[in-house]
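Each chain gets a letter, A, B and so on, in the order the sequences are listed, and its residues count up from 1. Values in this document were obtained by computation on a predicted structure and should not be read as measured data.
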Protein chains: 2
Amino acid sequence: MTDLTETLARGEKPLRAKALRAKPRGNGGARKRASLPEAKLLEFAELLFFAYRDFTRDPDAILKDFGFGRAHHRVLHFVNRHSGLRVADLLDILTITKQSLSRVLKQLIDKGYIVQQAGSSDRRERLLFPTAKGRALAERLSAPQSVRLAAALKAAGPGTEALLRRFLEAMVNAEERPKVSSIMAASPVPLKEGGKGGGS
Amino acid sequence: MTDLTETLARGEKPLRAKALRAKPRGNGGARKRASLPEAKLLEFAELLFFAYRDFTRDPDAILKDFGFGRAHHRVLHFVNRHSGLRVADLLDILTITKQSLSRVLKQLIDKGYIVQQAGSSDRRERLLFPTAKGRALAERLSAPQSVRLAAALKAAGPGTEALLRRFLEAMVNAEERPKVSSIMAASPVPLKEGGKGGGS
DNA sequence: TCGGTTATGTCAGCCATGTTGACTTATTTC
DNA sequence: GAAATAAGTCAACATGGCTGACATAACCGA
């Protein structure tokens with residue numbers, strides 16, 4: 001009853017679709033040709049919102065069982081995929097402050113999902129590695145997301161992969177692109193097990 | 001110096017890319033064929049993270065000048081694009097609680113960006129409309145996002161639009177898809193101006 | 001070797017935005 | 001007229017952003 005689908009699908013409350021004014025809309029006189037019509041672009045913005053909203057749903061639900069939040073997921077994800085990254089790298093990737101990061105990172109370390117190890121060339125650095133436990137959780141969290149992505153890629157049809165990749169890369173700030181490339185090119189291989197946490 | 005790009009690009013700290021173990025990785029024995037390799041899917045997950053991270057940057061910066069946050073943007077966006085929707089619709093779209101919504105909605109109303117109007121068929125409903133001021137802000141916030149989207153679509157190449165649309169739709173939870181379609185099909189036309197706020 | 005810079009960690013405190021549960025009011029619907 | 005519904009509200013709490021200041025250890029260049 002309260003369901004929007006119902007509501008709209010039944011045509012009872014068509015979201016006031018009975019347009020009163022049918023003027024061109026938007027930027028009054030400042031026409032902005034040269035790209036897709038504004039309306040179409042905003043549709044993509046909305047779709048992106050809905051897609052991302054649901055993309056995070058499954059892991060969020062799992063995280064609750066562990067007493068973690070989405071912030072923990074992000075940290076664990078990058079540490080798992082790019083083992084051995086430094087705290088500074090993580091700050092840069094997540095674009096959050098040291099304080100924000102340290103809170104969640106500390107919890108992940110305390111609970112045995114991540115271990116630190118001093119850098120060999122520069123012993124000030126604290127390199128981050130997932131433990132076996134950490135890898136297990138990271139995989140559990142990403143599993144539903146992988147399933148969703150695989151299904152969506154398949155649904156969109158062949159050829160989507162390459163285009164989507166280019167699209168997403170182009171969505172990133174230009175100055176950030178080299179960083180992102182470097183990060184993504186970096187080894188997704190877990191290194192030494194830092195002692196506690198057990199080895200795989 | 002602290003810059004990750006620098007760091008990585010210069011090859012100084014290649015994120016410990018000196019892989020120690022080169023085993024297939026991931027789900028130890030539980031091979032999950034049938035879709036893309038896990039690693040590739042996780043790359044898309046990362047790209048999606050980076051893309052969304054930057055997608056929200058520009059409006060976030062603008063919002064700060066108005067003393068608003070991302071939550072206000074979301075509300076204003078949907079009210080602007082789908083004028084006349086009900087509070088219940090908004091709760092459903094945003095998937096947040098009444099309390100969370102009411103805080104930001106009240107601020108938007110108090111500051112004259114949104115007006116309410118009792119429904120005509122059901123006077124319990126409070127239909128939401130943007131004021132001229134609200135529309136102006138909504139457009140200002142979405143402008144950089146539209147630019148970004150247009151550029152990314154162009155960069156990805158022809159044919160991206162259709163594939164991306166299908167991809168994003170498929171990323172949404174199956175049960176939610178009819179809702180989303182209904183919402184997106186609904187009139188993006190602002191109706192009556194509720195008195196204060198002035199007409200356009 | 002010393003002094004400046006860097007990488008990290010930490011303290012204290014603030015703010016935005018999400019949560020729950022209970023309750024009121026107005027209105028519709030049966 | 002009673003039950004259900006749409007919305008608003010209160011109180012209280014959790015998460016995860018933020019700032020600024022400061023401590024420590026290690027590196028690096030003069």
_Given D/dG8, C/dT10, C/dT17, identify the nucleotide with an atom nearest to the side chain of B/Q116._
D/dG8
*Does A/S100 place a side-chain N or O at less than 4.0 Å from the phosphate oxygens OP1/OP2 of D/dG16?*
no
*Main-chain N/O of B/Y52 paired to B/T56 side chain as donor or acceptor, under 3.5 Å*: yes
*Looking only at heavy atoms, what is the nearest atom pair of A/R166 and B/A155, with distance?*
NE-O, 4.0 Å
*Between D/dC18 and B/K64, is there an OP1 or OP2 to side-chain N/O distance shorter than 4.0 Å?*
no
*Starting at atom NE2 of B/H73, determine the distance to atom C1' of C/dT17, rounded to an integer number of angstrom.*
16 Å
*Using the ring of each side chain (for Trp, its six-membered ring), is A/H77 parallel, tilted or perpendicular to A/H73, with breaks at 30° and 60°?*
perpendicular
*Any N/O donor-acceptor pair, A/R103 side-chain to D/dG17 base, under 3.5 Å*: yes
*Compare side-chain N and O positions of B/Q99 against OP1 and OP2 of D/dG8 and report whether any pair is under 4.0 Å apart.*
no
*Could you tell me the separation between the CD1 atom of A/I114 and the P atom of C/dT8, rounded to a whole number of Å?*
14 Å
*Flag the pair B/F50 / A/F78 as yes when their ring centroid distance falls below 6.0 Å, and as no otherwise.*
yes
*CA sep, side-chain torsions, deciding dist, call: B/R53, A/N173, side-chain hydrogen bond (donor to acceptor under 3.5 Å, both in side chains)*: CA-CA 9 Å; B/R53 179 196 70 174; A/N173 278 2; over 6 Å; no
*Could you give the CG-to-C1' distance, from A/L101 to D/dT15, as a whole number of Å?*
15 Å
_Please pick, from C/dT10, D/dG16, C/dT8, the nucleotide with the shortest atom-to-atom distance to any side-chain atom of A/K106._
C/dT10
_Can you identify which nucleotide, out of D/dG16, D/dA7, C/dT8, has its nearest atom closest to the A/A71 side chain?_
D/dG16
*Would you mind telling me which residue lines up with the more 5' stretch of DNA chain D, A/Q107 or A/R126, judged by nearest nucleotide?*
A/Q107
*Find the distance A/I96:CD1 to C/dG9:C1' and express it as a whole number of Å.*
15 Å
*A/L91 CG to D/dT19 P: how many Å, rounded?*
12 Å
_Interatomic distance where CG belongs to A/D60 and C1' belongs to C/dG18 [whole Å]_ = 11 Å
*Answer yes or no: does a side-chain N or O of B/R123 lie under 4.0 Å from OP1 or OP2 of C/dT28?*
yes
*Could you state the CZ-C1' distance from A/R86 to D/dA26, rounded to the nearest angstrom?*
14 Å
*Starting at CZ of B/F68 and ending at C1' of C/dC15, how long is that distance when rounded to a whole Å?*
16 Å
_If you only use heavy atoms from C-beta on, which nucleotide in C/dT28, D/dG17, D/dC18 is closest to the side chain of A/T97?_
D/dC18
*Return yes if the base of C/dG9 and the side-chain atoms of A/K98 contain a donor-acceptor N/O pair under 3.5 Å, otherwise no.*
yes
_Side-chain N or O of A/H72 closer than 4.0 Å to phosphate OP1/OP2 of D/dG16_ = yes
_A/F68/A/Y113 aromatic ring centres below 6.0 Å_ = yes
*If you take atom types as modelled and just measure distance, does the side chain of B/R124 reach the base of D/dG8 with a donor-acceptor pair under 3.5 Å?*
no
